[in-house]
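Lettering of chains follows the sequences in order, A, B, ..., and the numbering in each one begins at 1.
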Amino acid sequence: MALRLFNTLTRRKEEFQSIVEGKVGLYTCGPTVYDFAHIGNLRAFIFEDLLRRYLKYSGYQVKQVMNLTDVDDKTIRGSKEQGVSLAEYTQTYKEAFFEDLRNLNIEPAEVYPAATDHIQDMVDLILRLRDRGYTYEMDGATYFRISDFKEYGKLAHFKIDQLKVGARIDADSYEKEEARDFALWKAWDEEDGEVFWETELGKGRPGWHIECSAMSMKHLGEQFDIHTGGVDNIFPHHENEIAQSEGATGKPWVNYWLHCEHLLVEGKKMSKSEGNYYTLKDLSEKGYDRKAIRYLLLSTHYRQQLNFTLAGIDASRSALQRLYDFMENLKRVRKGGNHPEVAECVAETKKNFGQAMDDDLNISGGLAAIFDFVRKINILAAGGKIARGDAVEIVRTMENFDTVLGVLEYKQREIDEDVERMIQERHQARTSGDWKKADEIRDRLREMDIILEDSPEGTRWKIL
RNA sequence: GGCGGCAUAGCCAAGUGGUAAGGCAGGGGUCUGCAAAACCCUUAUUCCCCGGUUCGAGUCCGGGUGCCGCCUCCA
């Protein structure tokens, strides 16, 4: 089995081969910390988390770097509007970002470099580009001349002369030789206020694209394995990064480019005016479960547009409940011994899961393998063919899959004394045959999202 | 104008040219005091439409229709 990934550079699935045996250098474009992340951003982070986790599951040691863009037009504008320093302004959103990651059970990257901590690295890279003749200066700013980089357009699959010079060009007021050229270093102007650095390139601040080139190479080397982001980053951001990085080093930079599709919300493009623009906090406040949100964002293939709906969160919640119940039931098995069918079933499931995921992270196939497994084991369990040893092995298998999915771990909340008393009371009622009272108590608990299940071994409860 | 993607059941969603995975929801049943969970049966003679290639097409080709994206800073 070998992992195959769809490479945006070649537009086809390629067998993944890391530069250093057993190790992967992964750069994932991170947030611009000017606002709270919306679920579209979160989808990208979850896709990257899935990739990271599956690489680890496959035996790779992963070094992931995710940048924090903490200086650009939007952060500067935001800090000015609020009358706080840039650092203070972005700190709020950095913290919110990390809180979202924790809430969605996204594994932390190894390095989170902030742009403002790497100004000198960017300047050095720009100077290298200048030495190699890719830059020009105008009005105190430094630009990259894309016509000097012959491979420009190889990622987005554009020919330079196909680029239409559109109306949006006017949005950038800087003077350039060619509208298509992009800024490496922006000259300070009054709008920037206190935000500037005095460097060999003059007084100003870095352009957006240069940070990813500088910080990825600093932390992962001049050539590394995988670079990811949303499809909207393909052009111009990633195209420009390639021009800068390969222009500076003269060698290939990234081997595999992976991009995740956007999502729609209730069938429409997410926008604040449509009222379908959600942050994780919005959804939590509506009572939606974070694990279910993670599952929903995870369960559609990353190159497929995902239609995010509130009903979909509920459906995901139900699917997860099936897995939770499965795990809980296994933990209750007491009978000793084990059965050979189980080992067979485990081996087959691992194979199916791996084959699906190896195919460009085909999560639908991976989940199908897991749900097939659940059904087969439940059938064995219904036939009394699951013993303690089997259960342990099955749980271990599921936990192994969950190192990739990150949705199974959940805390069973504790019940309080009142609920405990009600369950006792119902037990009394049942033993004395007072079904009416027993059912009434069960209904009341149901309304509190507590489900009672009677079994030969006694009554169990679970909290939804 | 240029480049690209998608269309599979009520919903979500897989699918090397060989006879439609999986999840949610729905219906019927077994178990249960009744439930819940679990299990069994059931829900697409058909994959947007029209042609074509082929013994055979959801899969390939041509032509439509619809939705979406990119073409300078939006994951």
Asks: Check for me: is A:His157 stacked on B:G4 by the 5.5 Å centroid and 30° plane-angle rule?
Replies: no

Asks: Would you tabulate the nitrogen or oxygen pairs shorter than 3.5 Å linking the protein to nucleotides 32-35 of chain B?
Replies:
| unit_1 | atom_1 | unit_2 | atom_2 | d |
| --- | --- | --- | --- | --- |
| B:G33 | N7 | A:Arg430 | NH2 | 3.3 |
| B:G33 | O6 | A:Arg430 | NE | 3.1 |
| B:G33 | N1 | A:Asp439 | OD1 | 2.9 |
| B:G33 | N2 | A:Asp439 | OD1 | 3.4 |
| B:G33 | N2 | A:Asp439 | OD2 | 2.6 |
| B:C34 | O2 | A:Arg442 | NH2 | 2.4 |
| B:C34 | N3 | A:Arg442 | NH1 | 2.8 |
| B:C34 | N3 | A:Arg442 | NH2 | 3.4 |
| B:C34 | N4 | A:Asp454 | OD2 | 3.1 |
| B:A35 | N6 | A:Asp454 | O | 2.8 |
| B:A35 | N1 | A:Asp454 | N | 2.7 |
| B:A35 | N3 | A:Arg442 | NH1 | 3.1 |

Asks: For a quick test of your reading: what N or O donor-acceptor pairs under 3.5 Å do the side chains of residues 301-316 of chain A make, sequence neighbours left out?
Replies:
| unit_1 | atom_1 | unit_2 | atom_2 | d |
| --- | --- | --- | --- | --- |
| A:His301 | ND1 | A:Arg303 | N | 3.2 |
| A:His301 | NE2 | A:Asp360 | O | 2.8 |
| A:Tyr302 | OH | A:Asp360 | OD1 | 2.5 |
| A:Tyr302 | OH | A:Asp360 | OD2 | 3.3 |
| A:Arg303 | NE | A:Asp360 | OD2 | 2.9 |
| A:Arg303 | NH2 | A:Asp360 | OD2 | 2.7 |
| A:Asn307 | OD1 | A:Glu266 | N | 3.3 |
| A:Asn307 | OD1 | A:Gly267 | N | 2.7 |
| A:Thr309 | OG1 | A:Gly312 | N | 2.8 |
| A:Ser316 | OG | A:Gly312 | O | 3.0 |

Asks: Report the nucleotide, chosen from B:C74, B:A38, B:C71, that has the shortest atom-to-atom distance to any side-chain atom of A:Ala382.
Replies: B:A38

Asks: Under 4.0 Å between a side-chain N or O of A:Asn233 and OP1 or OP2 of B:C73?
Replies: no

Asks: Quick one: do A:Asp454 and A:Arg426 make a salt bridge, cutoff under 4.0 Å?
Replies: yes

Asks: Can you see which heavy atom on A:Cys29 is nearest to which on A:Glu48, and at what distance?
Replies: O-OE2, 4.1 Å

Asks: Would you classify A:Gly229 as touching base, sugar-phosphate or nothing, given that sugar-phosphate means primed atoms plus P, OP1 and OP2, and contacts are heavy atoms under 4.0 Å?
Replies: sugar-phosphate

Asks: Any strand is fair game: report the nucleotide pairing with B:U30 by Watson-Crick or G-U wobble, both distances under 3.5 Å, or none.
Replies: B:A38

Asks: Could you give the distance separating B:A44 and B:C61 at their P atoms, to the nearest angstrom?
Replies: 30 Å

Asks: Considering only atom C1', compute the distance from B:U59 to B:U8 and round it to an integer number of Å.
Replies: 11 Å

Asks: Both distances under 3.5 Å, Watson-Crick or G-U wobble: report the partner of B:A21, or none.
Replies: none

Asks: With C1' as the reference atom in both, quote the distance from B:G69 to B:G63 in angstrom, rounded to an integer.
Replies: 23 Å

Asks: Is A:Leu263 touching bases, backbone alone, or none of the nucleic acid, heavy atoms closer than 4.0 Å?
Replies: base

Asks: Can you tell me if A:Asn378 touches the phosphate of B:A38, counting only side-chain N or O atoms and a distance under 4.0 Å to OP1 or OP2?
Replies: no

Asks: Considering only B:A14, B:G15, B:A75, which nucleotide approaches the side chain of A:Asp359 most closely?
Replies: B:G15

Asks: With the side chain of A:Phe235 defined as its heavy atoms from C-beta on, choose the nearest nucleotide among B:C39, B:C71, B:A37.
Replies: B:C71

Asks: To the nearest Å, give me how far apart CZ (A:Phe36) and P (B:A75) are.
Replies: 16 Å

Asks: Does A:Asp358 pair with A:Lys13 as a salt bridge, N-O distance under 4.0 Å?
Replies: no

Asks: Round to the nearest Å and state the distance from A:Phe182 atom CZ to B:C73 atom P.
Replies: 14 Å

Asks: Run the side-chain contact (heavy atoms from CB on, under 4.5 Å) test against A:His262 and tell me which residues pass, sequence neighbours left out.
Replies: A:Val231, A:Asp232

Asks: So which of A:Tyr134, A:Phe182, A:Tyr136, A:Trp185 actually passes ring-ring contact (aromatic ring centres under 6.0 Å, His included) with A:Tyr143?
Replies: A:Tyr136

Asks: With rounding to the closest Å, how many angstrom separate the C1' atoms on B:A57 and B:C50?
Replies: 15 Å

Asks: When you check the phosphate oxygens OP1 and OP2 of B:C74, does a side-chain N or O of A:Lys74 lie under 4.0 Å from one of them?
Replies: yes

Asks: Give a yes-or-no answer on whether the side chains of A:Thr349 and A:Asn352 include a donor-acceptor pair shorter than 3.5 Å.
Replies: no

Asks: My understanding is that a pair needs two contacts under 3.5 Å, Watson-Crick or G-U wobble. By that rule, which nucleotide pairs with B:C74?
Replies: none

Asks: For nucleotides 59-61 of chain B, which of its nitrogen or oxygen atoms have a protein nitrogen or oxygen under 3.5 Å away, and what is each distance?
Replies:
none

Asks: Of all residues at least two apart in sequence or in a different chain, which pass the ring-ring contact (aromatic ring centres under 6.0 Å, His included) check with A:Tyr256?
Replies: A:Phe16

Asks: Would you please name every residue forming a ring-ring contact (aromatic ring centres under 6.0 Å, His included) with A:Tyr288, sequence neighbours left out?
Replies: none

Asks: Take the protein atom CG of A:Leu306 and the nucleotide atom P of B:C68, then report the distance between them rounded to whole Å.
Replies: 17 Å

Asks: Atom CZ of A:Arg205 and atom P of B:C73: how far apart are they, to the nearest Å?
Replies: 14 Å

Asks: Using modelled atom types only, decide if a donor and an acceptor are shared between the side chain of A:Trp188 and the backbone of A:Gly193 within a distance under 3.5 Å.
Replies: yes

Asks: Kindly write out the residues that satisfy ring-ring contact (aromatic ring centres under 6.0 Å, His included) with A:Phe97, not counting sequence neighbours, or none if the list is empty.
Replies: A:Phe45

Asks: Expressed as a whole number of angstroms, how long is the span from A:Tyr277:OH to B:C74:P?
Replies: 12 Å

Asks: When you compare the side chains of A:Asp282 and A:Thr279, does any donor N or O come within less than 3.5 Å of an acceptor on the partner?
Replies: yes

Asks: When every nucleotide of nucleotides 18-25 of chain B is labelled 5' to 3' by its protein contacts under 4.0 Å (heavy atoms), B for base, S for sugar-phosphate only, - for none, what sequence of letters results?
Replies: ---BSSSS

Asks: Within the 3.5 Å criterion, strictly below it, is a donor on A:Asn67 or A:Tyr27 matched to an acceptor on the partner's side chain?
Replies: yes

Asks: For the pair made of CZ in A:Phe158 and C1' in B:C71, what is the distance, rounded to whole Å?
Replies: 4 Å

Asks: Side chains of residues 366-381 of chain A: which donor-acceptor partners sit under 3.5 Å, not counting sequence neighbours?
Replies:
| unit_1 | atom_1 | unit_2 | atom_2 | d |
| --- | --- | --- | --- | --- |
| A:Asp372 | OD1 | A:Arg375 | NH1 | 3.3 |
| A:Asn378 | ND2 | A:Val374 | O | 3.3 |

Asks: Hey, does A:His237 reach any base, or is it just sugar-phosphate, or nothing, if we go heavy atoms under 4.0 Å?
Replies: nothing

Asks: For B:G69, does OP1 or OP2 lie under 4.0 Å from any side-chain N or O of A:Lys269?
Replies: yes

Asks: So which nucleotide from B:C68, B:G15, B:C73 ends up closest to the side chain of A:Lys186?
Replies: B:C73

Asks: When you compare the protein's N or O atoms with those of nucleotides 27-30 of chain B, which come within less than 3.5 Å of each other, and at what distance?
Replies:
none

Asks: Report the base-pairing partner of B:G69 (Watson-Crick or G-U wobble, both distances below 3.5 angstrom), or none.
Replies: B:C3

Asks: Considering residues at least two apart in sequence or located in another chain, which fulfil the ring-ring contact (aromatic ring centres under 6.0 Å, His included) criterion with A:Tyr57?
Replies: A:Tyr54, A:Phe353

Asks: Holding to side chain to side chain donor-acceptor pair (under 3.5 Å), I want the full list of residues that pass it with A:Arg102, two or more places apart in sequence or in another chain.
Replies: none

Asks: Using a cut-off of 4.0 Å on non-hydrogen atoms, how would the nucleic acid contact of A:His209 be classed: base, sugar-phosphate, or nothing?
Replies: nothing

Asks: If the P atom of B:A36 is compared with that of B:G26, how far apart are they to the nearest Å?
Replies: 11 Å

